[in-house]
Number of protein chains: 2
Amino acid sequence: MIQHISFSERLGLNKEMLQAFLSTAETRCYKKGSILFERDTVYNQLGYIKSGAVRTYCINDQGIDISFLLQVNGDFFGDYESYITGKRSAFIIEAAVDTEVLLFDKKRLDELIASDISWLRFSRTISDICFLEAKRRIEELLFFSPEERYFNLLQKSPEIICKIPLKYISTYLGITPQSLSRIRKRLIN
Amino acid sequence: MIQHISFSERLGLNKEMLQAFLSTAETRCYKKGSILFERDTVYNQLGYIKSGAVRTYCINDQGIDISFLLQVNGDFFGDYESYITGKRSAFIIEAAVDTEVLLFDKKRLDELIASDISWLRFSRTISDICFLEAKRRIEELLFFSPEERYFNLLQKSPEIICKIPLKYISTYLGITPQSLSRIRKRLIN
DNA sequence: CGTACCATTGATCAGGTTCAATGCTCGTGG
DNA sequence: CCACGAGCATTGAACCTGATCAATGGTACG
């Protein structure tokens, strides 16, 4: 499968390690709108999107739904904080469209990591990647205006714009659906 | 020294490891306003603030100075992205006040990490901590208004408010110095 | 065909930005 | 020792963008 090639490249896995890695995962399918992870649960799995799209969101004190992450084919997902700390997560993950995923089991991954130093190295690579992605997001929010952020997202992930409703994209960008609708209109003209 | 206790706790180091860890570092002092790391350099060191405060910032396309991180006693600093990827950094780090730091050398740390699996584990802990801090920052920027962000910072790090000029705090919060001045006024009344 | 949900649009509001002027403080040199 | 200048915080006024509230339009699904 094509995706597995990107696996190896991105994560620095050779053929055998890739096999072992995949053996810790199971495939699952979710209908559009269904929940992959409930609120207040501990994440004992990391996900990988084979096809489709997922949205990680939370409901704040005022009952407002805010998208924290939007992800599509080839992306990993899950609340990595909950995964590593074992704490309950405030986030919910739902399928934005019909979605097929791989779910990697923490217990089995931890066994791999305990079995050989190269897996421990691998786990550090995962952590580094999570950090780098988080840093990108901070830079995006700190250095760019909402309009620029939408434009950047359009460039970087047109797939997200296609698959995911505007009202979810808007809160991911830190604005309201109405504002995003107007920004979109401005960009067209 | 008191700080070393927090080291051990936060990073999960026993006495011997703490000694070895500290042996990779040298102490340096910087006068207020002096530069610890120049732009476009590769970070071959990680810093720890024994006393004082540092500001990590960048100059954007429009020539605007934006604070990326503000840190005080007991905080680690440095561009961890540049440190792990070996790429040149767009960030500059300066002493916000007279500051005494420990600088940990990457080459020597890498030797430790290569020497024993417990150091590799330690390096993953560092990476995890960097991720968790970055995630906090995203949540701050995404879920809170400028006024709330200032209030949160006031609660969490009054030391930053004391030590660092308002014009640098404002861009850290994602607003202009004038706006922060008005927010501050609002909070007093 | 009707309903539900979402995107769009309009009108008004609020808060942050910008530009400009003033005030304050601290450090330096006459 | 005082006077001046530099740099920063504050304040004012006008503006702009996004938020909010409310209404309309469009589309998909039962």
Side-chain angles (χ1 to χ4, degrees), chain A residues 31-35 53 55 57 59-67 70 92 94-98 140-154 158 160-189, chain B residues 31-35 53 55 57 59-67 70 92 94-98 140-154 158 160-189:
Chain A
K31 284 277 159 214
K32 171 177 177 173
S34 61
I35 303 294
R55 180 173 82 97
Y57 66 99
I59 309 293
N60 73 6
D61 308 330
Q62 294 106 54
I64 308 293
D65 171 322
I66 299 177
S67 301
L70 303 176
I92 303 158
E94 66 170 15
V97 297
D98 288 357
E140 196 70 18
L141 290 167
L142 203 56
F143 301 156
F144 297 96
S145 69
E147 184 163 340
E148 291 169 325
R149 295 203 288 271
Y150 176 68
F151 185 75
N152 292 346
L153 184 65
L154 204 56
I160 288 177
I161 311 285
C162 297
K163 285 182 176 173
I164 297 177
L166 174 143
K167 66 170 186 160
Y168 296 140
I169 296 175
S170 60
T171 60
Y172 173 76
L173 297 172
I175 57 178
T176 60
Q178 293 92 328
S179 292
L180 180 54
S181 179
R182 287 178 175 117
I183 285 173
R184 182 184 275 187
K185 201 176 170 187
R186 278 207 298 267
L187 283 184
I188 292 169
N189 303 335
Chain B
K31 284 276 161 213
K32 171 177 178 173
S34 61
I35 303 293
R55 180 173 82 98
Y57 67 101
I59 309 293
N60 73 6
D61 308 330
Q62 293 106 54
I64 309 293
D65 171 322
I66 299 176
S67 301
L70 304 176
I92 303 157
E94 66 170 15
V97 297
D98 288 358
E140 196 70 18
L141 290 167
L142 204 56
F143 301 156
F144 296 96
S145 68
E147 183 163 340
E148 290 168 325
R149 295 203 288 272
Y150 175 69
F151 185 76
N152 292 346
L153 184 65
L154 205 58
I160 288 178
I161 310 286
C162 298
K163 284 181 176 172
I164 297 177
L166 173 143
K167 65 170 186 158
Y168 296 140
I169 296 174
S170 61
T171 61
Y172 173 76
L173 296 172
I175 57 177
T176 60
Q178 293 92 329
S179 292
L180 181 53
S181 179
R182 288 180 173 116
I183 285 173
R184 182 184 275 186
K185 200 177 171 187
R186 281 207 298 267
L187 283 183
I188 292 169
N189 304 338

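Here the structure is a predicted model, which means the values were calculated and not measured. Numbers restart at 1 for each chain; the letters A, B, ... are given by sequence-line order, proteins then strands.
- Straight-line distance from the CG atom of A/Leu187 to the P atom of C/dT8: 12 Å, rounded to whole Å.
- Side-chain proximity of A/Arg184 to the nucleotides C/dG16, D/dG18, C/dT8 is greatest for C/dT8.
- Between A/Tyr150 and A/Arg184, the closest heavy-atom pair is OH-NE, 3.6 Å.
- Looking at the side chain of B/Arg182, the nearest of the listed nucleotides D/dC8, D/dA19, D/dA13 is D/dA13.
- The nucleotide whose nearest atom lies closest to any side-chain atom of B/Gln178 is, among D/dA19, C/dT18, C/dA7, C/dT18.
- Protein atom CD1 of A/Ile183 is 15 Å distant from nucleotide atom C1' of C/dA7, rounded to whole Å.
- Counting only heavy atoms from C-beta on, B/Arg186 has its side chain closest to C/dG16 among D/dA9, C/dG16, C/dC6.
- When the C1' atom of D/dT17 is taken as reference, atom CD of A/Glu148 falls 13 Å away, rounded to whole Å.
- Taking the nucleotide of DNA chain D with the nearest heavy atom to each of A/Thr176 and B/Tyr168, the more 5' of the two is matched to B/Tyr168.
- When the side-chain nitrogen and oxygen atoms of B/Ser181 are compared with OP1 and OP2 of D/dT10, one or more of them lie within a distance under 4.0 Å.
- The phosphate of C/dG16 (OP1 or OP2) has no side-chain N or O of B/Arg149 nearer than 4.0 angstrom.
- Between A/Ile175 atom CD1 and D/dG18 atom C1' the separation is 8 Å, expressed in whole Å.
- Of the charged side-chain nitrogens involved, none lies within less than 4.0 Å of a carboxylate oxygen, so that B/Lys32 and B/Asp98 do not count as a salt-bridged pair.
- A straight line from CG of A/Leu180 to C1' of C/dC6 spans 13 Å, rounded to a whole angstrom.
- Remark: P of C/dC5 and NZ of A/Lys32 are 13 Å apart, rounded to the nearest angstrom.
- Between B/Glu94 and B/Arg55 there is a salt bridge, with a side-chain nitrogen of the basic residue lying less than 4.0 Å from a carboxylate oxygen of the acidic one.
- Nucleotide C/dG15 holds its P atom 18 Å from the OH atom of B/Tyr150, rounded to whole Å.
- For the OP1/OP2 pair of D/dT10 and a distance below 4.0 Å, the side-chain nitrogens and oxygens of B/Lys185 include no atom meeting the criterion.
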